[in-house]
Amino acid sequence: KVALKAAALDEASGMVVSQRDDQLLWLLNDSGGAPALYLAGTDGSDRGLCVIRGATNVDWEDLSSFKLDGKPYLLIADAGDNASKRQSCTLYIIAEPPLPKPGAALNAVAPIAWSIHFVYPDGPRDCEAVAVDAAAQKIILVSKRTKPPVVYELPLHPADPAILQVAKRVGTTSVPQPEWSIPIPYGTQPTGLAFSPDGATAAIVTYTAIHIFPRAKGESWAAALGRPATQILPHPLSQAESIAFSSNGKTLRIVSEGLHSPILTYQR
């Protein structure tokens, strides 16, 4: 059984595979934690951490990775808002830090490359599912605690990042309660979002299942997420909030909040 070994990772709420090494994972903790990203092996090993200089963990909820001009980046979504009362939320973008040597633990500090401060057009929203489409230069966000979940988008590179951005509402998505699951509060709500590296698939994780949404060539993510999921994969984790594709898109991994969460792997 593979599980996260780092004692600091007790509320894992976002995860991506490193674009520098497919056997390493970047993870972040939920609200109020240190402004840091944690590095783990796919075998669960603790590989250290990187503190994000100038960032604040108000309610970090998701993590996304992408490349620009061949350079890997990570997006940290400080977008959680359980009470729907935040005046604005923030997305931090950093260059993916260099990885430690085999067997060594990372102990690094990374600066913010740029940040995006934003609001929603229809009032505050709790959002735990965020992913980047670098080819389209867009960030996709899916709300939690709304029925149905609402899909929004933001520019990856705002013309003036100093200006408060307004996310654009572009659609809704459906993540029904699977018939085999036990109903729990917010069990059907999106807690993580990931895009496959080829841009052909989106995966949304909830507390009970993984929902797979294929996307046709040239189709928008709003349209793809607007259709029913083509595949629903149940999982046994109690509070799954993190989902990531492997670099070849053939593997999905999820983890849950809670100390020493198992790392569940699904082959596509």
Side-chain angles (χ1 to χ4, degrees), residues 12-28 35-40 42 50 52 55 60-79 89-99 108 110-118 127-142 151-159 161 165 167-168 170 190 192-205 212-215 217-222 224-225 241-254 268:
S13 189
M15 174 177 65
V16 294
V17 172
S18 168
Q19 297 204 45
R20 301 184 188 276
D21 185 339
D22 197 51
Q23 297 304 303
L24 292 175
L25 306 168
W26 289 104
L27 300 104
L28 55 77
L37 298 181
Y38 300 88
L39 192 64
T42 54
C50 178
I52 313 305
W60 289 12
E61 287 291 357
D62 211 353
L63 187 60
S64 185
S65 67
F66 61 97
K67 283 186 177 180
L68 282 179
D69 300 322
K71 185 176 181 180
Y73 288 87
L74 301 173
L75 180 144
I76 300 162
D78 188 352
C89 295
T90 302
L91 306 174
Y92 299 108
I93 295 90
I94 68 165
E96 181 178 346
L99 300 177
I112 298 168
W114 73 94
S115 56
I116 301 170
H117 306 287
F118 71 97
C127 177
E128 299 185 7
V130 181
V132 173
D133 182 342
Q137 295 283 292
K138 292 179 179 180
I139 303 164
I140 304 298
L141 309 94
V142 182
V151 182
Y152 301 89
E153 66 178 39
L154 283 164
L156 180 58
H157 261 300
Q165 305 295 310
K168 181 181 178 182
V170 293
L193 172 66
F195 295 153
S196 62
D198 62 4
T201 309
I204 288 177
V205 68
I212 304 296
F213 299 85
R215 184 174 72 142
K217 186 175 181 180
E219 186 177 37
S220 69
W221 284 115
L225 293 170
E241 296 204 6
S242 305
I243 186 166
F245 279 95
S246 61
S247 59
N248 63 10
K250 295 182 179 180
T251 301
L252 272 169
R253 291 185 176 89
I254 63 171
R268 299 182 61 222

Report the residues that fulfil side chain to side chain donor-acceptor pair (under 3.5 Å) with [X], sequence neighbours left out, ordered by chain and then residue number.
X	result
E241	S13, Y207, Q239
S115	none
S242	none
E153	K138

Legend entry - Donor-acceptor under 3.5 Å (D69 side chain, K71 main chain): no

Atom [atom1] of [X] and atom [atom2] of [Y]: how far apart are they, to the nearest 0.5 Å?
X	Y	atom1	atom2	value
F118	I139	CZ	CD1	8.5 Å
L24	L39	CG	CG	5.0 Å
I94	L75	CD1	CG	9.5 Å
D22	T42	CG	OG1	7.5 Å
F245	D198	CZ	CG	8.5 Å
L74	I52	CG	CD1	8.0 Å

Looking at every heavy atom in both [X] and [Y], which two are closest together, and how far apart are they?
X	Y	result
P190	I204	CB-CG2, 3.7 Å
Q165	P155	OE1-CG, 4.1 Å
A110	C50	CB-SG, 3.5 Å
Q19	P72	CB-CB, 4.0 Å
A55	P35	O-CB, 3.4 Å
P214	A224	O-CB, 3.6 Å

With heavy-atom distances below 4.5 Å as the criterion, would you say the side chains of [X] and [Y] are in contact?
X	Y	answer
S18	L99	yes
L27	L63	no
S64	V130	no

Does [X] have any ring-ring contact (aromatic ring centres under 6.0 Å, His included) partners at least two apart in sequence or in another chain, and if so, which?
X	value
Y152	Y120
H157	W114
F66	Y73

Holding to side-chain contact (heavy atoms from CB on, under 4.5 Å), I want the full list of residues that pass it with [X], two or more places apart in sequence or in another chain.
X	result
A135	D133
P161	none
T251	S246, R253, T265, Q267
A202	L193, F195, F213, W221, L225

Inset, instruction - Verify whether one side chain among D78 and T90 offers a donor that lies under 3.5 Å from an acceptor in the other. - result: no

Inset, instruction - Could you list all the salt bridge (charged side-chain N to carboxylate O under 4.0 Å, His left out) pairs where at least one residue sits in residues 89-99, not counting sequence neighbours? - result: none

Inset, instruction - Please report the C-alpha distance between I116 and I93 in whole Å, then the side-chain angles of each, then the deciding distance to 0.1 Å, and finally whether the side-chain contact (heavy atoms from CB on, under 4.5 Å) criterion is met. - result: CA-CA 8 Å; I116 301 170; I93 295 90; 4.1 Å; yes

